[in-house]
Amino acid sequence: MDTRKITKADFDRIVEVIDHWWGGPISTFAHPIFFYELGDMALVVEEHGEMIGFLLGFISNMAPPLEGGDNEETRTGYVHLVGIHPDHRRKGVGRRLYAKFTERAVAAGCTKLKAITTTGNEGSIRFHLAQGWQAQEIDDYAGPGRKRIVFLKELASS
């Protein structure tokens, strides 16, 4: 497996396959802003020249605090969307993407990582907890009546 920075051809392929990989309509989450304006941190994993996974993420200079958290500004690596080809799940593709993203976030001066999912996304919840992330369910996070699971992970200082 080879992990590298996303290209325009990769982004175009993501838009073509994302609904199939996720099992439903989600292509609007692969907004072009995550390539053109925020694509410096976006990654793909290939095997034998075929894209088998992607991570759309970016760096934020301030992460909103969790309930009871501090209001300190911090450089944070934010994971927006990850997709793994159905035939390549549970083979380390997600771990590989997160490891490379973490490496790049640390190099960019990040001290935290953040990701968000819906309350019913058990696969995402299990994955993040297994990777050492802290999770908190927050009511109305995405608007009235729209609770989300917010994941945070502290990064070791260099």
Side-chain angles (χ1 to χ4, degrees), residues 1-61 63-64 66 75-108 110-138 141-143 146-155:
M1 283 188 273
D2 179 40
T3 307
R4 61 172 173 74
K5 184 178 173 186
I6 194 172
T7 66
K8 176 65 165 90
D10 297 324
F11 180 78
D12 292 346
R13 180 76 178 133
I14 289 166
V15 172
E16 291 175 346
V17 301
I18 191 168
D19 287 343
H20 169 68
W21 287 13
W22 271 74
I26 193 167
S27 61
T28 57
F29 285 85
H31 192 282
I33 193 172
F34 295 104
F35 174 73
Y36 290 107
E37 284 76 25
L38 302 171
D40 286 345
M41 295 292 288
L43 301 167
V44 298
V45 172
E46 287 182 321
E47 188 171 74
H48 307 297
E50 176 189 353
M51 182 178 61
I52 60 170
F54 66 87
L55 182 153
L56 301 180
F58 58 91
I59 302 296
S60 170
N61 286 325
L66 293 178
R75 200 153 165 81
T76 302
Y78 179 80
V79 177
H80 170 68
L81 184 64
V82 176
I84 310 296
H85 187 292
D87 295 342
H88 295 274
R89 292 192 181 139
R90 303 194 56 77
K91 296 181 180 179
V93 178
R95 284 189 307 276
R96 186 179 198 85
L97 284 163
Y98 271 70
K100 186 66 167 179
F101 184 80
T102 300
E103 176 186 306
R104 296 183 77 210
V106 168
C110 294
T111 57
K112 292 181 182 181
L113 297 177
K114 182 177 181 179
I116 300 167
T117 195
T118 56
T119 54
N121 192 339
E122 295 302 321
S124 176
I125 294 166
R126 283 191 308 272
F127 174 84
H128 285 90
L129 293 176
Q131 300 300 310
W133 293 59
Q134 300 300 309
Q136 183 174 358
E137 186 174 299
I138 300 179
Y141 186 88
R146 298 177 69 189
K147 65 176 71 173
R148 295 292 186 264
I149 306 296
V150 177
F151 301 104
L152 281 180
K153 186 172 187 177
E154 298 288 331
L155 298 174

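Model, not experiment: these values are computed from the prediction.
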Visitor: Decide if the gap between the ring center of His80 and the ring center of Phe34 is smaller than 6.0 angstrom.
Guide: yes
Visitor: Less than 4.5 Å apart, side chain to side chain, heavy atoms only: is that true for Glu50 and His85?
Guide: yes
Visitor: Measuring from Lys153:NZ to Thr76:OG1, what's the distance to the nearest 0.5 Å?
Guide: 14.0 Å
Visitor: Counting N and O atoms only, with roles assigned by atom type, does the side chain of Arg146 sit under 3.5 Å from a partner on the main chain of Thr118, one being a donor and the other an acceptor?
Guide: no
Visitor: Would you compute the distance between atom CG of Leu152 and atom CD of Gln134 and round it to the nearest 0.5 angstrom?
Guide: 8.5 Å
Visitor: For Lys147 and Gly143, indicate whether the former's side chain and the latter's backbone hold a donor-acceptor pair under 3.5 Å.
Guide: no
Visitor: Using a 4.5 Å cut-off on heavy atoms from C-beta on, say whether the side chain of Lys5 contacts that of Val44.
Guide: no
Visitor: Show the numbers, then the answer: is there a side-chain contact (heavy atoms from CB on, under 4.5 Å) between Leu81 and Phe54?
Guide: CA-CA 8 Å; Leu81 184 64; Phe54 66 87; 4.1 Å; yes
Visitor: Say you draw a straight line from CH2 of Trp133 to OH of Tyr98; how long is it, rounded to the nearest 0.5 Å?
Guide: 5.5 Å
Visitor: State the CZ-CZ distance between Arg90 and Phe127, to the nearest 0.5 angstrom.
Guide: 10.5 Å
Visitor: Might you point out which heavy atoms bring His128 and Ala115 nearest each other, and give the distance in Å?
Guide: NE2-CB, 3.7 Å
Visitor: If I compare all heavy atoms of Leu129 with all of Ala135, which pair ends up nearest, and what's the gap?
Guide: CD2-CB, 3.9 Å
Visitor: Looking only at heavy atoms, what is the nearest atom pair of Ala30 and Ile18, with distance?
Guide: CB-CD1, 4.1 Å
Visitor: Checking the side chain of Arg75 only, and the main-chain atoms of Ala108 only, is there a donor and an acceptor separated by less than 3.5 Å?
Guide: yes
Visitor: Run the side-chain contact (heavy atoms from CB on, under 4.5 Å) check on Ser27 and Trp22 step by step: do they pass?
Guide: CA-CA 9 Å; Ser27 61; Trp22 271 74; over 6 Å; no
Visitor: Go through Phe35 and Lys8 one step at a time and tell me if the side-chain contact (heavy atoms from CB on, under 4.5 Å) criterion holds.
Guide: CA-CA 7 Å; Phe35 174 73; Lys8 176 65 165 90; 3.7 Å; yes
Visitor: Does any part of the side chain of Met1, heavy atoms only, come nearer than 4.5 Å to the side chain of Val93, both counted from C-beta?
Guide: yes
Visitor: Let me confirm one number: the NE2-CG distance from His48 to Asp2, rounded to the nearest 0.5 Å.
Guide: 12.0 Å
Visitor: Between Pro86 and His20, is there a side-chain heavy-atom distance shorter than 4.5 Å?
Guide: yes
Visitor: Compare every heavy atom of Leu155 with every heavy atom of Val106, then report the nearest pair and how far apart it is.
Guide: CG2-CD1, 3.9 Å
Visitor: Would you mind reporting whether Leu113 and Phe101 have side-chain heavy atoms less than 4.5 Å apart?
Guide: yes
Visitor: Hey, is CZ on Arg4 packed in by over 12 heavy atoms from elsewhere, all under 6.0 Å?
Guide: yes
Visitor: Taking the side chain as every heavy atom from C-beta outward, state whether Gln131 and Arg95 have any pair of such atoms under 4.5 Å apart.
Guide: yes
Visitor: Under 4.5 Å between any side-chain heavy atoms of Gln136 and Ile149, yes or no?
Guide: no
Visitor: State, to 0.1 Å, how close Gly77 and Cys110 come at their nearest heavy-atom pair, and which atoms those are.
Guide: N-SG, 3.5 Å
Visitor: Do Ile84 and Leu97 come close enough that some side-chain heavy atom pair is under 4.5 Å?
Guide: yes
Visitor: Can you measure from CD1 (Ile33) to CG (Leu56) and round to the nearest 0.5 angstrom?
Guide: 11.5 Å
Visitor: I'd like to know if the side chain of Asp10 pairs up with that of Thr7 as donor and acceptor (distance under 3.5 Å, no hydrogens or angles considered).
Guide: yes
Visitor: Checking side-chain contact (heavy atoms from CB on, under 4.5 Å) for the pair Ile116/Tyr141: CA distance, chi angles, key distance, verdict?
Guide: CA-CA 10 Å; Ile116 300 167; Tyr141 186 88; 3.2 Å; yes
